[in-house]
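Here is the structure we will look at, set down as structure tokens.
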Amino acid sequence: IAGKVYDHDNEVYLIFFKSYKQEAYVLNAMEKNDVNGIEQNKNALVKTSAEGLEKLKAVVAYQNDQTILKTCKQMLEFYKEEAEKKLNTVSTFYVAKDSFEKIKTGFDAKSANKRTQSDVDQFNKAVNEYNAASQEYNKVNAELNNNRKNFLDDWNKSCEKFTDKHVPKG
């Protein structure tokens, strides 16, 4: 019985794990300020989560227990929404940050008496864009971190409950 329970658990886990790992690549690219890496891995996350949702439809619940199927679906839907909608804010932030840093470097390279009004206007515009992108990034990132934690907690608890319920004791 335990073997069948763990086979089912592993089948669902592998569907979950592909997107879980892909999101880790996105987060790693974010740590490195790698906009290209974020975009590539974000697109891959959309694909893996959509594929996972399709695969999940074909999985038959073990003894009609939908527990891990439901939480796996919630995780995949989170990853899909994160990649399709929320991570655009992250990319926008890193582009604004890069632009600001380049403009600031050029601005700082000129002595104050050599700066034109155009230089000051360009710098101020870059500051405002960077600040706006930072605020939105912080808001979205906090939301994603909170949701990720909650969904992963639910996932882990459901897997534990599933095996506790179906694996015979002693």
Side-chain angles (χ1 to χ4, degrees), residues 5-6 8-62 64-102 104 125-167:
V5 171
Y6 288 119
H8 179 72
D9 184 65
N10 287 337
E11 178 183 16
V12 178
Y13 179 79
L14 289 175
I15 294 170
F16 155 79
F17 185 73
K18 195 169 187 181
S19 293
Y20 172 80
K21 190 65 178 165
Q22 192 58 56
E23 188 204 34
Y25 295 141
V26 172
L27 298 175
N28 188 39
M30 287 170 58
E31 282 182 27
K32 294 178 179 177
N33 298 330
D34 179 3
V35 177
N36 290 333
I38 293 168
E39 287 300 310
Q40 287 174 342
N41 288 297
K42 177 183 81 166
N43 292 334
L45 182 56
V46 169
K47 184 179 178 193
T48 61
S49 57
E51 287 171 353
L53 286 166
E54 272 308 304
K55 285 180 182 177
L56 206 56
K57 290 177 184 177
V59 178
V60 177
Y62 182 83
N64 295 320
D65 186 340
Q66 297 283 327
T67 308
I68 60 175
L69 295 176
K70 285 180 182 178
T71 54
C72 184
K73 182 179 179 189
Q74 289 172 340
M75 282 299 317
L76 295 173
E77 287 171 344
F78 165 76
Y79 291 138
K80 191 169 187 288
E81 181 182 349
E82 175 186 43
E84 287 178 336
K85 298 176 184 171
K86 304 291 184 173
L87 289 175
N88 291 333
T89 300
V90 172
S91 297
T92 300
F93 165 74
Y94 285 110
V95 169
K97 179 181 177 189
D98 185 55
S99 176
F100 169 73
E101 288 172 351
K102 287 177 182 171
K104 183 179 184 323
K125 181 181 176 204
V127 167
N128 291 335
E129 289 172 356
Y130 181 52
N131 285 338
S134 294
Q135 288 175 353
E136 187 62 20
Y137 168 83
N138 289 335
K139 182 181 111 183
V140 168
N141 201 35
E143 176 190 336
L144 288 174
N145 288 338
N146 185 54
N147 289 345
R148 180 181 305 108
K149 179 197 175 305
N150 291 336
F151 283 121
L152 284 171
D153 285 349
D154 289 348
W155 165 254
N156 289 326
K157 287 174 189 172
S158 74
C159 290
E160 189 177 316
K161 284 180 186 177
F162 177 79
T163 55
D164 284 351
K165 178 179 177 180
H166 296 289
V167 173

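These numbers come from the heavy atoms of this one structure, side chains and all, not from hydrogens, waters or symmetry mates. Quantities reported herein were computed from a predicted structural model and do not represent experimental measurements.
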Legend entry - Pair Lys157-Glu160, salt bridge (Lys or Arg N to Asp or Glu O under 4.0 Å): steps then yes or no: CA-CA 5 Å; Lys157 287 174 189 172; Glu160 189 177 316; over 6 Å; no
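- Val59 places a side-chain heavy atom less than 4.5 Å from the side chain of His8.
- Here the side chains of Leu69 and Tyr62 are not in contact, with every heavy-atom distance at 4.5 Å or above.
- Phe151 and Phe78 have tilted rings, their planes meeting at an angle from 30° to 60° on a 0 to 90° scale.
- Among pairs with a residue in residues 84-100, those fulfilling salt bridge (Lys or Arg N to Asp or Glu O under 4.0 Å) read Lys80-Glu84, Lys86-Glu143, Asp98-Lys102, at least two apart in sequence or across chains.
- Atom CE of Met75 sits about 10.0 Å away from atom CG of Asn147, to the nearest 0.5 Å.
- Closest approach of Cys72 to Trp155, counting heavy atoms only: CB-CZ3, 3.5 Å.
- Judged as a salt bridge (Lys or Arg N to Asp or Glu O under 4.0 Å), the pairs with a partner in residues 22-35 (not counting sequence neighbours) are, in order, Glu23-Arg148.
- When side chains are defined from C-beta on, Lys70 does not count as touching Lys73, because their heavy atoms never get closer than 4.5 Å.
- Using a 4.0 Å cut-off between a side-chain N of Lys or Arg and a carboxylate O of Asp or Glu, Lys104 and Glu101 do not qualify as a salt bridge.
- Residues forming a ring-ring contact (aromatic ring centres under 6.0 Å, His included) with Tyr6 (at least two apart in sequence, or on another chain): none.
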Show the atom names and distances, to 0.1 Å, of all donor-acceptor pairs under 3.5 Å that link a side chain in residues 127-135 to residues at least two apart or in another chain.
{"from": "Asn128", "atom 1": "ND2", "to": "Asn124", "atom 2": "O", "distance (Å)": "3.3"}
{"from": "Asn131", "atom 1": "ND2", "to": "Val127", "atom 2": "O", "distance (Å)": "3.4"}
{"from": "Ser134", "atom 1": "OG", "to": "Tyr130", "atom 2": "O", "distance (Å)": "2.8"}

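- From Leu56, atom CG reaches atom CD1 of Ile68 across 9.0 Å, with rounding to the nearest 0.5 Å.
- Note: Gln74 CD to Leu152 CG = 11.5 Å, rounded to the nearest 0.5 Å.
- Residues Asn141 and Met30 have side chains in contact (heavy-atom distance under 4.5 Å, counting atoms from C-beta outward).
- Distance check, rounded to the nearest 0.5 Å: CG of Asn10 to CD1 of Ile15 gives 11.5 Å.
- At least one side-chain heavy atom of Glu51 sits less than 4.5 Å from a side-chain heavy atom of Lys18.
- Partners of Lys125 according to the side chain to side chain donor-acceptor pair (under 3.5 Å) rule, which considers only residues two or more places apart in sequence or in another chain, do not exist here.
- In this structure, Asp154 CG and Thr67 OG1 are separated by 12.0 Å, a value rounded to the nearest 0.5 Å.
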Got a list of side-chain donor-acceptor pairs under 3.5 Å for residues 38-46, not counting sequence neighbours?
{"from": "Glu39", "atom 1": "OE1", "to": "Lys42", "atom 2": "NZ", "distance (Å)": "3.2"}
{"from": "Glu39", "atom 1": "OE2", "to": "Lys42", "atom 2": "NZ", "distance (Å)": "3.4"}
{"from": "Glu39", "atom 1": "OE2", "to": "Ser91", "atom 2": "OG", "distance (Å)": "2.2"}
{"from": "Asn41", "atom 1": "OD1", "to": "Gln22", "atom 2": "NE2", "distance (Å)": "2.8"}
{"from": "Asn41", "atom 1": "ND2", "to": "Gly37", "atom 2": "O", "distance (Å)": "2.8"}
{"from": "Lys42", "atom 1": "NZ", "to": "Asn88", "atom 2": "OD1", "distance (Å)": "2.5"}
{"from": "Asn43", "atom 1": "ND2", "to": "Glu39", "atom 2": "O", "distance (Å)": "3.2"}

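- Going from atom CG of Asn33 over to atom OH of Tyr94 covers 5.0 Å, rounded to the nearest 0.5 Å.
- Put simply, the side chain of Ser19 never gets that close to the backbone of Phe16: no donor and acceptor are under 3.5 Å apart.
- The two residues Ala61 and Asp65 come nearest to each other via the heavy atoms CB-O, 3.5 Å.
- At least one donor-acceptor pair under 3.5 Å links the side chain of Thr163 to the backbone N or O of Cys159.
- In the displayed structure, Tyr20 atom OH is contacted under 6.0 Å by at most 12 heavy atoms of other residues, nucleotides or ligands.
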